[in-house]
Amino acid sequence: MAEIVSVAEAVEELVRDGDAVALEGFTHLIPYAAGHELIRQGRRDLTLVRMTPDIVYDQLIGMGCARKLVFSWGGNPGVGSLHRLRDAVEHGWPEPLKLEEHSHAGMAAAYAAGAAKLPFGVVRGYEGNDLAARTRVARIRCPFTGEQLAAVPAIRPEVGLVHAQQADREGNVLLWGIPGVQKEVVLASRRSIVTVEEVVSRLEPRPNAVFLPSWTVTAVAVAPRGAHPSYAHGYYGRDNGFYERWDEISRDRERFRNWMARHVLEREPLPV
Amino acid sequence: MAEIVSVAEAVEELVRDGDAVALEGFTHLIPYAAGHELIRQGRRDLTLVRMTPDIVYDQLIGMGCARKLVFSWGGNPGVGSLHRLRDAVEHGWPEPLKLEEHSHAGMAAAYAAGAAKLPFGVVRGYEGNDLAARTRVARIRCPFTGEQLAAVPAIRPEVGLVHAQQADREGNVLLWGIPGVQKEVVLASRRSIVTVEEVVSRLEPRPNAVFLPSWTVTAVAVAPRGAHPSYAHGYYGRDNGFYERWDEISRDRERFRNWMARHVLEREPLPV
Amino acid sequence: MTQVEAAAYTGDEMMAVAAARRLRNGMVCFVGIGLPSQAANLARATHAPNCVLVYESGTIGAKPTHLPLSIGDGELAETADAVVSVPEIFGYWLQGGWIDIGFLSAAQIDRHGNLNSTVIGSYESPRVRLPGAGGAPEIAAGCRETFVMLRHESRAFVEKLDFLTTPGKGVTCVVTDLGVLEPADRGELMLTELHPGVTADEARGATGWDLRVSDDPRQGKPPNRDELAALRALKPPNGDTVAR
Amino acid sequence: MTQVEAAAYTGDEMMAVAAARRLRNGMVCFVGIGLPSQAANLARATHAPNCVLVYESGTIGAKPTHLPLSIGDGELAETADAVVSVPEIFGYWLQGGWIDIGFLSAAQIDRHGNLNSTVIGSYESPRVRLPGAGGAPEIAAGCRETFVMLRHESRAFVEKLDFLTTPGKGVTCVVTDLGVLEPADRGELMLTELHPGVTADEARGATGWDLRVSDDPRQGKPPNRDELAALRALKPPNGDTVAR
């Protein structure tokens, strides 16, 4: 049964240095509040797992929290590069970053395998390109047809962190809109933290909703606007302007650090 | 793009003798109208694929339409045996029936593999029992952990037949309530027929709904009460009384044949 | 609570009560139709209101007020917290390891809790063709514990199964209409509890192998009035079409 | 329809128009952000209103009125016929073989349509670390045809890729700001169409390999007023937070 605690308590209790953590949300419902708490609590040597690192991982990487990144597409969507990710890979700043990269299809299958507690997922892919030699993938033969396919190792993070719109008082969680791999990451992870916009007395059935029973979640924490600058369908829209401004903020190491000190470590709200 | 035709036209055009056909619907939305049309048109040598054969396959088997049954649980839910299925297996009446049987988990994975156009699905199962030696299953080794798992061959029927609540005029389909493996069987099949309760001008988003775009469906046919004695969530309930009465109707070969002649071949409505 | 005399309840009711009492509040149960569904819903109606029912039709947290006849009745979907596809319920939820207790029945059981629900007689030309595996093998493998519910008769409790459908490895208790069996040394089932008015010899006589009995088998309590009332209130709907 | 003079539109606009014209009504397109999203939505706004847009965020049949900045903007979910999970969109829908046209871009392309979106320089110590594969390898493998959209420059059209991210096997056309390339003998890309005012020599000069040009390359038509108006009406929303 999920306990309802603060974001700080949840991170304090459930995330350790060196853990493999997955903060998921495909463009939508990205758990920024939880990511910022990881930074404030100074977690180190994390293996960061996420299909699309987005700004939240740029921030974690630039603040020196990560040792390794497992991902499939590392850019600022519609804008360009993630400069902190690039700086870590290209110049080892603030420290070197190991990469394990996949295709989206491979990583989605790896999460699904993790949720189903299978050791690997199967995709028709990783063929004829240079990726297979650079990542964890193996060929597997269909015992019926002889076809060769790709096996990807299941993802089973120590901690899965997602954001959702609502929880009830028992810690059941409801999210709707684009569901990404949120269900998969919670079910695949050994421990999980779900931040929510609000706690409501009753979760109502909705189209395209994902329900996560309390008994699949380790901790629930209330974090209003906890997905900003990503969005929470039905609550607030994506802050596309911030995604564009991040390009400038993050280009320069000093400017990035100052911004993080002010807005994340010292929690100064962004100008609206 | 799905064409909207009559059930008779859809079956006439898309189902051939000897085809592997899957009429799916897990307790809910079982496509009886389509099944009865297969009987009326006298299809022969079908390979009938379905997790839970239910009364509709008892009828097809008893009327001599089937050569083989691929299934995972062949009973009358909550009532007992499927007497026509038993008679075919135990006494070869009206003709012998080949069986390929699975567990539910195996068959669900086989449909999912079919929908994903993978040649096999993977489950942790078929171990320590006598089933593995009696069905199509193979051991497969995880290339990362060495664990031995079961591979089941994908199901890719020639024709998938399901029932849904609604279609729109373009042939897009919406169903809701218990979704079973309906999405999987339509996506896995080479051709598909969807019977619906009604055609509406606009499909509304709903909780737990499955949307099948027109371009995934070969033919849509209107068949009001086309799932009876199974049910259509939001339209009519399950006719539990009929399931109980079927036990008697189907026990005796002659009584079964008379009932089928009257109510299926000659379409005399059941007493309400 | 007042207890009820033996004549006032049936063997099936005693089974449902004995199984229900073993469920704790908050447990997540994978439930089939018939006796298991009765037992789990009785637990919900009495001491374990937050017992979570998961049906293989994909309904998670179903809260039926009447017993469904099939595992996919509409009421399960209407009262569920979530409704998912069949591949998902078996992949992410059962194999995913989220279920505490799986309930099973069978036509035959052996001394190690192995179950047969496939055939009586030979596989190739069976005397009785049974429904088959359904979800049983993976329920037994995927749940933390498996409860078996089965009427105690020597044609069901057999020395040797005609077909092994479901390995008994995960079976932690077998509830019959005579008592309760639990695995002891090397996994062999031992009679550890007797229902009111039943003797160990009766149980031995209804078992097709030489049944081990624990030194001092517990004496089960008969259903109390509340349990019986709750159980009978779960009566399945009658056979008529229910318009929804 | 009146056509527009060269100065009146940009190279990117010409690319979007040229790609959109290749889409037929009813085609199912797997769309990324930027130029592909522009092209597909332009087709929907003009000659192919029933063009179906599938985004990798799991939105099937999205009908945005403005171009999304990310592939997962809320408007895509709100206007979609169905919204499914990311494992499902890649498994059942893309790998499942339901998509007619996949759109891709890249940092580098070679003469066989192979694409690099991973690194410039060596993999171990790259000069430029690019975003990586994303959905590209499986989009190229799973769709019936792949359209590539890429600005024509010799640093992008290279003799040898620094990294092969996505095999070019399924590429049936490459739309650039100078013209259109299509695979000819042994899959080698050949220039088959030139945009208005562009010469084959310009295209050769912007290509890092010895570019083959078809005997009589088609002369593309400039955007007409309707196309340009529709394209510009798709302008992405400004950067401010849009409350929903």
Side-chain angles (χ1 to χ4, degrees), chain A residues 25-28 51-52 71-75 77-79 81-82 85-86 89-90 101-106 108-109 111-112 123-131 134 176-184 207-208 210 228-231 233-245 272, chain D residues 33-34 56-59 68-78 80 82-91 94-95 114 116-119 121 123 125-139 141-142 161 163-167 169 236-244:
Chain A
F26 203 83
T27 318
H28 178 216
M51 295 184 69
T52 57
F71 76 113
S72 44
W73 191 85
V79 178
S81 292
L82 291 174
L85 164 55
R86 281 187 55 183
V89 174
E90 295 168 13
E101 64 183 302
H102 287 275
S103 66
H104 278 348
Y111 273 125
V123 289
R124 188 173 283 110
Y126 294 88
E127 207 165 356
N129 68 9
D130 294 339
L131 196 56
R134 295 293 183 176
W176 64 93
I178 289 172
V181 290
Q182 271 96 318
K183 183 187 281 189
E184 284 75 13
N208 303 318
V210 171
H228 178 273
S230 165
Y231 71 106
H233 203 118
Y235 284 76
Y236 45 91
R238 191 169 187 270
D239 189 350
N240 287 338
F242 184 83
Y243 276 85
E244 283 162 354
R245 287 196 299 280
V272 183
Chain D
I33 283 308
E56 65 191 13
S57 54
T59 51
L69 185 69
S70 81
I71 30 104
D73 277 18
E75 194 184 1
L76 299 179
E78 278 157 18
V83 180
V84 302
S85 74
V86 168
E88 180 176 327
I89 202 78
F90 281 98
L94 179 59
Q95 185 174 271
N114 297 311
N116 171 21
S117 55
T118 302
V119 286
Y123 185 80
S125 47
R127 204 158 67 251
V128 182
R129 174 64 227 197
L130 303 165
E138 284 82 19
I139 291 171
L161 301 177
F163 190 95
L164 199 169
T165 313
T166 303
K169 214 171 44 180
N238 68 25
D240 299 336
T241 297
V242 181
R244 276 169 218 282

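Just so we're on the same page: letters track the sequence lines, and every chain starts at 1.
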**Message:** Under 4.5 Å from any heavy atom of chain A, what part of D:Val119 do you find: side chain, backbone, both or neither?
**Reply:** neither
**Request:** Determine yes or no for a side-chain-to-main-chain donor-acceptor pair under 3.5 angstrom, with D:Gln95 supplying the side chain and A:Val123 the backbone.
**Result:** no
**Under 4.5 Å from a heavy atom of chain A, the part of D:Ser117 involved** = neither
**Prompt:** Can you tell me how far the CD atom of A:Glu184 sits from the CD atom of D:Glu88, to the nearest 0.5 Å?
**Reply:** 10.0 Å
**Item:** Gap separating the CZ atom of A:Arg134 from the OG1 atom of D:Thr118, nearest 0.5 angstrom
**Value:** 10.5 Å
**Message:** Show the nearest heavy-atom pair for residues D:Val83 and A:Gly177, with the distance to one decimal.
**Reply:** CG1-O, 3.8 Å
**CG on A:Asn129 to CG on D:Leu161, rounded to 0.5 Å** = 11.0 Å
**Complete:** Comparing A:Val210, A:Thr52, A:Val89, A:Leu85 against chain D, the one with the most heavy-atom pairs below 4.5 Å turns out to be A:Val89
**Fill in**
Of all heavy-atom pairs linking A:Glu90 and D:Arg129, the shortest is OE2-N, 2.6 Å
**Which atoms of D:Pro126 approach chain A - backbone, side chain, both or neither, heavy atom under 4.5 Å** = both
**Message:** Which one wins on heavy-atom pair count under 4.5 Å against chain D: A:Leu82, A:Leu131, A:Val79?
**Reply:** A:Leu131
**Asked** Of all of A:Pro77, A:Gly180, A:Ser230, which one pairs up most often with chain D through heavy atoms under 4.5 Å apart?
**Response** A:Gly180
**Asked** Under a 4.5 Å heavy-atom cut-off, does chain A meet the side chain of D:Glu56, its backbone, both or neither?
**Response** both
**Test side chain to side chain contact (heavy atoms under 4.5 Å, CB included) applied to A:His104 and D:Val86, step by step** = CA-CA 9 Å; A:His104 278 348; D:Val86 168; 5.7 Å; no
**Prompt:** Among A:Pro207, A:Gly75, A:Ser103, which residue forms the greatest number of heavy-atom pairs with chain D at distances under 4.5 Å?
**Reply:** A:Ser103
**Message:** Check A:Glu127 with D:Lys169, please: is the shortest side-chain N to carboxylate O separation under 4.0 Å?
**Reply:** no
**Prompt:** Picking from A:Gly78, A:Ser81, A:Ala109, A:Pro229, which has the most non-hydrogen pairs under 4.5 angstrom with chain D?
**Reply:** A:Gly78
**Prompt:** Of the backbone (N, CA, C, O) and the side chain (C-beta and beyond), which part of D:Thr165 lies under 4.5 Å from a heavy atom of chain A, both, or neither?
**Reply:** backbone
**Message:** How long is the straight-line distance from CE of A:Met51 back to CZ of D:Phe90, given to the nearest 0.5 Å?
**Reply:** 5.5 Å
**Asked** With respect to chain A, which residue among D:Gly121, D:Pro137, D:Gly132, D:Pro167 yields the maximal number of heavy-atom pairs within a distance under 4.5 Å?
**Response** D:Pro167
